[in-house]
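The structure appears right after this line, and notes come after that.
Position 1 is the first residue of the sequence; numbering continues from there.
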Amino acid sequence: DPSLAHPDRPPSPVNVTVTQLKANSATVSWDVPEGDVVIGYAILQQRQDGQMQRFIREVNTTNRACVLWDLAEDADYIIQVQSIGLYGESQASKRVHFRTLKETDRLPSNSSNQGDITMEGLDKDRQLQTGEIIIIVAVLLMWAAVIALFCRQYDIIKDNDSSNNKEKTKPSSEHSTPERPSGGLLRSKKKSPSVNIIEV
């Protein structure tokens, strides 16, 4: 009798469900009847239109759930789960059908309450706007820093100018000394430019 060939094969998984449904991923979970030694699982995942089929197999694990990744958005899928025992695999579970969400319908994974789907669809735009605002703020801060630096430099230059002017307002005998020829030239240019023309 072929049914007695593997008497220790585990029974099929039960309560196969799909949760955390998103546009490109979903989580499948199941239960294993008590008292059977199960060392792993195998999942057959296929698109209903037959375009893609995937076989996931994992042993040496007690997991009762698996994340299905890289799914197409807004597509129909069928999955079946098998338990792997010490002496073989169980029969496949009942076929479970699910459909992935559209990208715009995807709800953020951290929100437990049901948000407004239309608002959630604007998440991308909101993120872009936030990014743009950050860039604008950074540019404004940079300009503020540049202006502040310029003002500081300008104040330093003004301070230097005023200190130079103070030095220049000292008694005129200092300007006539050979130590400060530039001061003397500047003064002579201001007072009598015609003298310079005659000299040339």
Side-chain angles (χ1 to χ4, degrees), residues 15-30 41-58 61-81 95-170 180 182-183 185-187 189-190 193:
N15 301 330
V16 178
T17 53
V18 176
T19 56
Q20 296 180 19
L21 198 57
K22 297 180 184 177
N24 304 113
S25 66
T27 300
V28 57
S29 58
W30 60 91
Y41 60 83
I43 298 171
L44 177 64
Q45 166 202 317
Q46 58 185 349
R47 269 178 70 162
Q48 202 161 20
D49 56 15
Q51 284 184 8
M52 192 195 81
Q53 186 169 320
R54 178 186 286 155
F55 190 74
I56 303 165
R57 181 187 170 94
E58 190 169 334
T61 178
T62 56
N63 283 344
R64 300 289 180 261
C66 175
V67 176
L68 308 173
W69 69 98
D70 201 22
L71 305 177
E73 66 170 309
D74 197 24
D76 290 293
Y77 286 90
I78 296 165
I79 51 166
Q80 289 179 287
V81 185
R95 290 154 65 94
V96 175
H97 166 269
F98 69 93
R99 186 179 181 85
T100 52
L101 300 179
K102 290 181 181 176
E103 194 71 39
T104 51
D105 295 342
R106 188 177 61 189
L107 295 171
S109 56
N110 57 359
S111 72
S112 53
N113 59 341
Q114 289 181 347
D116 186 0
I117 289 176
T118 53
M119 289 300 291
E120 299 301 341
L122 298 172
D123 262 2
K124 285 185 177 177
D125 299 336
R126 205 179 301 151
Q127 286 168 8
L128 283 175
Q129 285 170 6
T130 308
E132 285 166 7
I133 288 165
I134 289 166
I135 290 166
I136 290 164
V137 169
V139 169
L140 287 173
L141 284 172
M142 202 169 69
W143 274 107
V146 167
I147 290 164
L149 274 172
F150 176 77
C151 289
R152 279 186 62 192
Q153 292 292 336
Y154 180 71
D155 287 342
I156 290 164
I157 291 163
K158 241 170 63 174
D159 290 346
N160 287 345
D161 281 355
S162 59
S163 61
N164 285 345
N165 288 339
K166 280 176 195 168
E167 285 175 7
K168 283 178 187 173
T169 53
K170 285 180 184 175
R180 286 180 155 305
S182 60
L185 282 173
L186 282 169
R187 290 174 71 82
K189 277 182 187 173
K190 281 178 191 171

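- Of the inter-residue distances, the one linking I78 atom CD1 with Q53 atom CD reads 10.0 Å to the nearest 0.5 angstrom.
- One distance of note links CE of M52 with CZ of R47; it measures 7.0 Å at 0.5 Å rounding.
- The two residues V28 and I79 come nearest to each other via the heavy atoms CG2-CD1, 3.2 Å.
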What verdict does the salt bridge (Lys or Arg N to Asp or Glu O under 4.0 Å) test give for R99 and D74, after you've listed the backbone C-alpha separation in whole Å, the side-chain angles of each residue and the deciding distance to 0.1 Å?
CA-CA 6 Å; R99 186 179 181 85; D74 197 24; 3.0 Å; yes
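- Residues V96 and W30 are not in side-chain contact: their nearest non-hydrogen atoms beyond the backbone lie 4.5 Å or more apart.
- Formation of a donor-acceptor pair under 3.5 Å by the N24 side chain with backbone atoms of D70 is not found in this model.
- The distance from the CD atom of Q46 to the CG atom of D76 is 12.0 Å, given to the nearest 0.5 Å.
- Contact between Y77 and T100 at its shortest, heavy atoms only, is CE1-CG2, 4.0 Å.
- In this structure, CZ on F98 lies 11.5 Å from OG1 on T17, to the nearest 0.5 angstrom.
- The two residues A42 and F55 make their nearest non-hydrogen contact at CB-CZ, 3.7 Å.
- Summarising the geometry of N63 relative to Y41, their closest heavy-atom pair is O-CD2, 4.0 Å, with the distance given to 0.1 Å.
- Residues I56 and W69 come closest through the heavy atom pair CD1-CZ3, 3.9 Å.
- Heavy-atom minimum distance, L21 versus A26: CD1-CB, 3.6 Å.
- Expressed to the nearest 0.5 Å, how far NZ of K102 lies from CD of E73 amounts to 9.0 Å.
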